[in-house]
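Contents: one structure, followed by commentary.
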Amino acid sequence: VQLQASGGGLVQAGGSLRLSCAASGRAFSSYAMGWFRQAPGKERTFVASISWSGGTTYYADSVKGRFTISRDNAKNTVTLQMNSLKPEDTAVYYCAAYDARIATSKGSPRSWGQGTLVTVSS
């Protein structure tokens, strides 16, 4: 599967951004999708995931209540709505596709997008 992420940019603390990821090459509605992020000098970490149907979602504790993951299987896209952004949310954000229909924070994605940079200024 090929993944193309977009929507990153510069935003002030407290603002919002919406990331999108377009998928191609595999039956999109058959697998879970997720978002990860990598801050400068740090490891890549889990942000959120959504099951194949969109009925089950998981979030990292650090983003619960502020970020929302969703998907549109008709358009082969997954979205991450980020509200109340904080400077510590600054990172390169990656979308990812799993082999399973449901994936928790401990799941290992099979495919990765190229990443999109989110910078939150204080």
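Everything numeric in this text was worked out from a predicted model, so none of it was measured.
- Proximity of a side-chain donor or acceptor of Arg110 to a complementary backbone N or O of Ala100 within less than 3.5 Å is not detected.
- Considering only heavy atoms from C-beta on, Ser20 comes within 4.5 Å of Thr79 through its side chain.
- Relative ring orientation between Tyr93 and Phe67 is described as tilted, the plane-to-plane angle lying within the 30° to 60° band.
- For the pair Pro87 and Ala13, the tightest heavy-atom approach, listed with the atom from each and the gap, is CD-CB, 4.1 Å.
- Of all heavy-atom pairs between Gly34 and Tyr98, the closest is N-CE1, 3.8 Å.
- With contacts defined as side-chain heavy-atom distances shorter than 4.5 Å, the pair Ile69/Val78 qualifies.
- Using a 4.5 Å heavy-atom threshold, the side chains of Val11 and Thr119 count as separate.
- Salt-bridge annotation for Lys86 and Asp89: absent, with no side-chain N of the basic residue lying under 4.0 Å from a carboxylate O of the acidic one.
- Taken from CG in Leu3 to OG1 in Thr77, the straight-line distance is 12.0 Å, to the nearest 0.5 Å.
- Tyr59 is not listed as a side-chain neighbour of Phe46, based on a closest heavy-atom distance of 4.5 Å or more.
- Hydrophobic cluster membership differs between Phe36 and Leu80, with clusters built from Ile, Leu, Val, Met, Phe, Trp and Tyr side chains linked at under 4.5 angstrom.
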(Q) Is there a side-chain contact (heavy atoms from CB on, under 4.5 Å) between Arg66 and Met82? Walk through the geometry before answering. (A) CA-CA 6 Å; Arg66 299 188 299 122; Met82 306 185 294; over 6 Å; no
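- Atoms CG and OG, on Asp99 and Ser111 in that order, are 7.5 Å from each other to the nearest 0.5 Å.
- Looking at heavy atoms from C-beta onward, Gln12 lies out of side-chain contact with Val120 at the 4.5 angstrom threshold.
- The backbone N or O of Ala5 lies less than 3.5 Å from a partner atom in the side chain of Gln114, making a donor-acceptor pair.
- In this structure, Gln81 and Ser16 have side chains that are in contact, with non-hydrogen atoms separated by less than 4.5 Å.
- Of the possible polar contacts, one joining the Ser51 side chain to the Thr56 backbone as a donor-acceptor pair under 3.5 Å is found.
- Residues Lys42 and Gln38 come closest through the heavy atom pair O-NE2, 3.0 Å.
- Atom SG in Cys95 sits 5.0 Å away from atom CE in Met33 (nearest 0.5 Å).
- Distance check: Lys106 NZ to Tyr58 OH gives 12.0 Å after rounding to the nearest 0.5 Å.
- Annotation for Tyr31 and Ala23: closest pair OH-CB, 4.0 Å, computed over non-hydrogen atoms.
- A 4.5 Å side-chain heavy-atom check between Ser62 and Arg37 finds at least one atom pair inside the cut-off.
- Contact between Val1 and Ser24 at its shortest, heavy atoms only, is CG2-O, 3.1 Å.
- Closest of all the heavy-atom pairs between Ser30 and Arg101 is O-CG, 3.5 Å.
- At least one donor-acceptor pair under 3.5 Å links the side chain of Asn73 to the backbone N or O of Trp52.
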Q: Any chance you could lay out the side-chain contact (heavy atoms from CB on, under 4.5 Å) test for Thr116 and Leu19, step after step, and finish with the verdict?
A: CA-CA 8 Å; Thr116 185; Leu19 305 183; 4.0 Å; yes
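- Between Asn76 atom CG and Gln2 atom CD the span is 11.5 Å, to the nearest 0.5 Å.
- Side-chain contact between Arg44 and Tyr94 is present, with heavy atoms from C-beta onward closer than 4.5 Å.
- Interatomic distance, OG1 of Thr90 versus CG of Leu85, reported as 8.5 Å (0.5 Å rounding).
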